[in-house]
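First comes the structure, then the notes that go with it.
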Amino acid sequence: MISARGLIKRYGDHTAVDGIDITVPKGQAFGFLGPNGAGKSTTMRMIGCVSPPTAGELRILGMDAATQGPAIRARLGVVPQDDTLDTELNLLENLVIYARYFGIKYKVARERARELLDFVQLSDRAESKVEALSGGMRRRLTIARSLINEPDLVMLDEPTTGLDPQARHLVWERLFRLKKRGVTLVLTTHYMDEAEQLCDRLVVMDGGKIAAEGTPRQLIETHVTREVVELRFNTEDHSAYAEKLDGAAERVEVLPDRVLLYTDDGESSVSEVHGRGLSPASVLERRATLEDVFLRLTGRTLVD
Amino acid sequence: MRAGTLHAFEHWLLNYKRTWHGTLFSGFLLPVLFIVGLGMAVGGYVNGSSAIGGVDYVAFIAPGLLASTAFQISSGELTWPVFAATRWGSQYKAMQASPLSPGEILNGHLLYGLLRGVSSALFFFIVMAVFGLLQSAWAPLALLAAAATAASVIGATYAVSMSAKHESALSMVHRFAILPLTLFSAVFFPLAQLPSYIQPLAWISPVWHGVELSRAATLGVAPPWPIAAHIGVLAVWAVGGWYAARRSLLKKLKV
């Protein structure tokens with residue numbers, strides 16, 4: 001569905017995307033993770049054929065993104081980060097007029113719009129203005145809109161950012177259904193649980209490059225240990241514990257408020273800690289998550 | 001015309017469905033008030049004056065108002081709405097994600113602006129007929145003149161609105177372009193009444209050429225310049241304006 005080779009996007013002197021290779025096969029849910037400014041949205045805009053690549057090859061649905069933009073866009077569904085709905089129009093009008101951009105006949109457009117409003121559970125609001133919708137409702141409407149042309153590939157830029165848990169779970173459930181229908185999904189997210197839930201495969205982007213790639217499981221296995229032990233001590237300064245805990249696990253990371261032990265066997269690391277005569281105020285043993293991978297690969301410093 | 005242009009146009013038409021009643025005043029009632037107020041009241045002083053070709057004043061200004069209505073409505077539609085479409089609203093962003101090309105997005109919006117002006121002119125033309133102001137068999141051509149006036153300004157207005165850095169630039173367009181162009185393009189008085197050093201300004205004004213063509217049609221007289229020359233100036237504005245509009249949009253959408 002998507003094949004990118006040496007994809008580069010520059011804005012003046014700034015290189016937003018710095019030579020990435022991606023392959024997304026049909027039916028896969030593919031995720032882009034990365035801190036703000038990593039180049040995720042820029043990559044999405046290139047795949048969406050809105051922003052032409054500066055260099056490299058980008059083929060989507062077997063077509064060349066540089067020359068066949070309109071034909072590719074006709075078969076894409078796009079859920080942009082900012083919903084881009086027409087807030088002055090009602091829900092039905094938003095879907096129908098968007099369908100018209102694709103040259104879909106009014107009759108078909110109205111039928112599909114009704115079905116899609118049903119799919120995202122907004123049928124009872126069909127005649128309301130978008131202005132009156134909550135953030136979660138707008139997101140669902142944008143997802144419905146992205147499906148109006150029955151796309152082969154749906155691109156979602158941070159589909160659940162800013163939504164409450166109920167709305168997030170509803171969106172996930174709907175996306176999962178799409179996936180089961182064989183629709184290829186490409187999404188960006190800041191939520192590691194979202195990535196684990198939805199994505200068959202992920203890339204972690206940092207500074208315009210791909211820092212890691214694989215299934216969620218592979219990424220955890222490759223980049224962090226199976227388990228993580230979080231220790232808190234009754235102290236203002238945890239840095240003193242770096243030395244005391246040295247060698248207690250495969251890797252020890254000291255944070256201002258706690259110490260993380262990366263280990264394949266949490267229990268034996270905890271007894272090792274106690275064996276060294278240390279008594280932490282709290283001990284949390286947990287499985288390593290994508291979040292650990294993400295922070296390992298992209299660092300803990302705030303980007304903006 | 002490409003199908004995508006019509007699809008983009010439909011968006012603006014759908015939007016208009018919400019606001020059309022608000023446009024009745026400027027597009028329809030206002031010109032009627034001009035006819036009644038100016039034409040009939042001021043007419044008492046100047047009717048039949050040789051400066052206006054010996055006709056009634058109302059018959060003199062009505063074709064001018066016809067062309068300037070098309071001009072004002074079309075250019076008005078393409079100031080704030082164009083500025084907003086890429087800034088406050090997200091209509092263009094949504095269109096960009098669809099198969100529509102930038103050219104189709106542009107032409108759809110221009111077509112809407114053009115048709116708003118032309119439909120207002122059509123209304124006004126009917127009012128003129130009711131008032132008995134169509135004195136020549138050529139009168140229907142005045143509608144073409146009004147349409148040409150609108151067509152000559154849409155591109156330029158779009159380009160200015162799209163490239164405006166700040167909203168205040170749009171108020172300037174209204175105050176320092178649309179209003180003076182209406183006042184000094186021989187709508188209310190013949191160009192000869194202006195000092196000779198100001199007249200060349202009207203010669204480059206698309207509105208003046210449109211007004212003269214419109215007046216020539218409804219009064220059945222020859223326009224001051226050869227018809228081809230009037231049309232030529234309008235065409236230069238239309239084509240130049242379209243290229244400027246396209247340039248401004250591509251620059252704005254540059255990603």
Side-chain angles (χ1 to χ4, degrees), chain A residues 9-12 16 41-42 44-54 68-90 92-106 109 129-130 138 141-142 145-146 148-149 151 154-155 157, chain B residues 1-23 77 79-112 115-116 162 246-247 249-255:
Chain A
K9 181 73 189 186
R10 287 195 201 95
Y11 297 101
S41 291
T42 307
M44 291 289 267
R45 290 160 61 78
M46 286 194 277
I47 298 173
C49 299
V50 172
S51 170
T54 312
Q68 292 170 284
I72 295 170
R73 291 200 299 270
R75 291 172 55 194
L76 294 186
V78 179
V79 178
Q81 216 175 92
D82 44 353
D83 292 311
T84 71
L85 296 162
D86 194 323
T87 51
E88 311 264 338
L89 300 177
N90 71 33
L92 206 56
E93 287 171 332
N94 258 284
L95 296 183
V96 172
I97 200 67
Y98 195 76
R100 291 297 297 153
Y101 299 166
F102 289 79
I104 297 167
K105 289 196 166 57
Y106 271 107
K129 275 206 188 159
V130 170
R138 287 184 193 209
L141 179 60
T142 308
R145 189 183 65 176
S146 76
I148 199 87
N149 58 329
V154 179
M155 322 232 322
D157 202 351
Chain B
M1 189 171 21
R2 300 182 47 185
T5 298
L6 280 180
H7 300 152
F9 163 75
E10 285 171 31
H11 181 108
W12 304 108
L13 200 63
L14 178 65
N15 252 302
Y16 182 59
K17 250 173 63 181
R18 280 184 314 108
T19 55
W20 66 273
H21 37 272
T23 62
E77 279 293 346
T79 49
W80 272 279
V82 167
F83 182 82
T86 53
R87 293 168 177 92
W88 308 321
S90 46
Q91 294 95 340
Y92 276 26
K93 273 192 196 162
M95 289 182 187
Q96 265 188 291
S98 79
L100 298 178
S101 68
E104 290 165 336
I105 295 175
L106 168 71
N107 289 339
H109 210 157
L110 290 179
L111 180 65
Y112 171 72
L115 290 188
R116 279 279 294 115
M162 184 53 75
R246 185 178 164 78
R247 222 181 112 119
L249 177 65
L250 291 179
K251 198 173 159 204
K252 193 81 201 167
L253 296 185
K254 197 168 166 233
V255 276

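Below, read A as the first sequence line, B as the second, and so on, with proteins coming before strands; counting in each chain starts at 1. What you see below is based on every heavy atom in this structure, not just the backbone, and it leaves out hydrogens, waters and symmetry mates.
Of the two parts of Asp82(A), only the side chain, counted from C-beta on, holds a non-hydrogen atom closer than 4.5 Å to a non-hydrogen atom of chain B. At a 4.5 Å heavy-atom cutoff, the contact between Leu85(A) and chain B is made by backbone atoms alone. Heavy-atom distances place the side chain of Arg145(A), and not its backbone, under 4.5 Å from chain B. Contact of Ala97(B) with chain A is made through backbone and side chain together, with heavy-atom distances under 4.5 Å. Proximity to chain B involves both the backbone and the side chain of Tyr101(A), based on heavy atoms less than 4.5 angstrom apart.
When each of Lys17(B), Gln91(B), Arg18(B) is tested with Leu89(A) by the rule side chain to side chain contact (heavy atoms under 4.5 Å, CB included), just one qualifies, namely Arg18(B).
Judged by distance alone, with hydrogens and angles left aside, the side-chain atoms of Arg100(A) form a donor-acceptor pair with the main-chain N or O of Ile104(A) at under 3.5 Å. No donor-acceptor pair under 3.5 Å is formed between the side chain of Thr84(A) and the backbone N or O of Lys93(B).
Each of Leu6(B), Leu14(B), Ile105(B) has some count of heavy-atom pairs under 4.5 Å with chain A, and the biggest count is that of Leu14(B). Across Arg75(A), Glu88(A), Arg73(A), Met155(A), the residue that shares the most heavy-atom pairs under 4.5 angstrom with chain B is Arg73(A).
Separation of atoms OG (Ser98(B)) and CG (Leu76(A)) is listed at 11.0 Å; rounding is to 0.5 Å.
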Inset, instruction - Before giving the answer on side-chain contact (heavy atoms from CB on, under 4.5 Å), spell out for Leu110(B) and Thr5(B) the whole-Å C-alpha distance, their side-chain angles and the decisive distance to 0.1 Å. - result: CA-CA 9 Å; Leu110(B) 290 179; Thr5(B) 298; over 6 Å; no
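The aromatic rings of Trp12(B) and Tyr112(B) are tilted relative to each other, their planes meeting at an angle between 30° and 60°.
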